[in-house]
Amino acid sequence: MKLSGKEVRLDRDELLVDKTDLEGHLTYVNHTFTKITGYSEAECLGQRRGILDKNGMPQTVFELLWKTVGEGRDACAYLNATTKTGDHVWIIAHVMPNIQQGKIVGYHTIGRACNPATIKGTILPLYNDLDRAERDGTKDTGALLNAMLADKGGSYELFVSDLMEMD
């Protein structure tokens with residue numbers, strides 16, 4: 001897919017919602033999800049959620065996110081999802097493990113709009129640095145992320161939490 005470079009934005013009152021099984025296959029998407037991504041519900045269900053992840057997001061952020069929810073804890077992250085047409089949308093994703101009878105059986109994600117100034121001034125510089133380091137392959141990007149965030153609260157979770165309060 002060719003990326004268009006065009007950004008699609010969620011309205012402040014819209015929520016992009018999806019559910020996946022343990023392997024990341026979509027089992028539910030709401031109307032806003034289909035409207036924003038351009039995929040129909042039929043095109044989504046059964047597909048891996050990764051159909052939206054073609055935009056150069058740092059792998060380190062995904063690894064941290066999935067490690068956290070894999071441990072049974074909620075996690076939030078700024079994510080840049082790709083639409084069917086190659087456009088992109090920034091969201092603040094709140095990812096929650098779906099726990100039944102003490103076992104994680106899937107995941108539930110709620111994405112909401114974020115402040116474009118936060119993306120441009122804070123998230124993009126951080127993610128661009130991580131993306132360059134990942135492509136270079138010579139650095140431990142997890143350690144690099146921790147070092148970058150040391151002066152911003154010390155963890156990605158606190159960093160995102162502080163940004164969300166300002167958004």
Fill in: Qualifying salt bridge (charged side-chain N to carboxylate O under 4.0 Å, His left out) pairs, either residue in residues 91-108, two or more places apart
none

Discussion item. Tell me the closest heavy-atom pair linking T83 and Y39, and the distance in Å.
Written reply: C-CE1, 4.1 Å

Worksheet item: Any chain of hydrophobic side-chain contacts (each under 4.5 Å) joining F33 to M96?
Response: no

Fill in: salt bridge (Lys or Arg N to Asp or Glu O under 4.0 Å) against D74, all qualifying residues, sequence neighbours excluded
none

Practice prompt. Would you please name every residue forming a side chain to side chain donor-acceptor pair (under 3.5 Å) with S40, sequence neighbours left out?
Written response: E43

Worksheet item: Given the rule that I, L, V, M, F, W and Y join up when any side-chain heavy atoms are under 4.5 Å apart, are F62 and F159 in one cluster?
Response: yes

Worksheet item: What are the two closest non-hydrogen atoms of L163 and Y78, and how far apart are they?
Response: CB-OH, 3.3 Å

Response to the item:
Correct closest heavy-atom pair for A75 and L65 would be CB-CD1, 3.5 Å

Item to complete: Work out which heavy atom in V61 is nearest to a heavy atom in A77; give both atom names and the distance.
Response: CG1-CB, 4.4 Å

Worksheet item: Side chains of I91 and V89: does their closest heavy-atom pair fall under 4.5 Å?
Response: yes

Worksheet item: Do M164 and I92 have side-chain heavy atoms sitting under 4.5 Å apart?
Response: yes

Indicate every side-chain donor-acceptor pair of residues 8-20 with a distance under 3.5 Å to a residue at least two apart or in another chain.
| residue | atom | partner | partner atom | Å |
| --- | --- | --- | --- | --- |
| E14 | OE1 | D11 | N | 2.7 |
| E14 | OE2 | K35 | NZ | 2.2 |
| D18 | OD1 | R49 | NE | 3.3 |
| D18 | OD2 | R49 | NE | 2.8 |
| D18 | OD2 | R49 | NH2 | 3.0 |

Response to the item:
Closest non-hydrogen atoms of P58 and L130, given as atom of the first, atom of the second and distance, are CB-CB, 3.8 Å

Worksheet item: Given side chains that start at C-beta, do those of L145 and L64 come closer than 4.5 Å, heavy atoms only?
Response: yes

Worksheet item: When you measure from the side chain of D131 to the backbone N and O of Y127, does any donor-acceptor pair fall under 3.5 Å?
Response: no

Worksheet item: Is there a path of hydrophobic side-chain contacts, each under 4.5 Å between heavy atoms of I, L, V, M, F, W or Y residues, that connects Y107 with L45?
Response: no

Practice prompt. Supply the atom-to-atom distance E157 CD to D162 CG, rounded to the nearest 0.5 angstrom.
Written response: 12.0 Å

Please report, to 0.1 Å, the donor-acceptor pairs under 3.5 Å made by any side chain of residues 108-117, with sequence neighbours excluded.
| residue | atom | partner | partner atom | Å |
| --- | --- | --- | --- | --- |
| N115 | OD1 | A117 | N | 2.8 |

Worksheet item: What distance do I123 atom CD1 and M57 atom CE have between them, rounded to the nearest 0.5 Å?
Response: 8.5 Å

Discussion item. Has Q47 got a side-chain atom pairing as donor or acceptor with H25's backbone, closer than 3.5 angstrom?
Written reply: no

Worksheet item: Under 3.5 Å, is there a donor-acceptor pair between the E134 and T60 side chains?
Response: yes

Discussion item. Does the plane of the ring in W90 sit parallel, tilted or perpendicular to the ring in H88? Use 30° and 60° as the thresholds.
Written reply: perpendicular

Discussion item. As a quick check of understanding, evaluate salt bridge (Lys or Arg N to Asp or Glu O under 4.0 Å) for K67 and E63, giving each step before the final call.
Written reply: CA-CA 6 Å; K67 179 182 182 291; E63 289 170 2; over 6 Å; no

Discussion item. Just to verify, what does N98 make a side chain to side chain donor-acceptor pair (under 3.5 Å) with, not counting sequence neighbours?
Written reply: none

Worksheet item: Is there a donor-acceptor pair closer than 3.5 Å between any side-chain N or O of T122 and the backbone N or O of I119?
Response: no

Worksheet, complete the sentence: In terms of heavy-atom contacts, V29 and L26 come closest through CG1-CD2, 4.2 Å

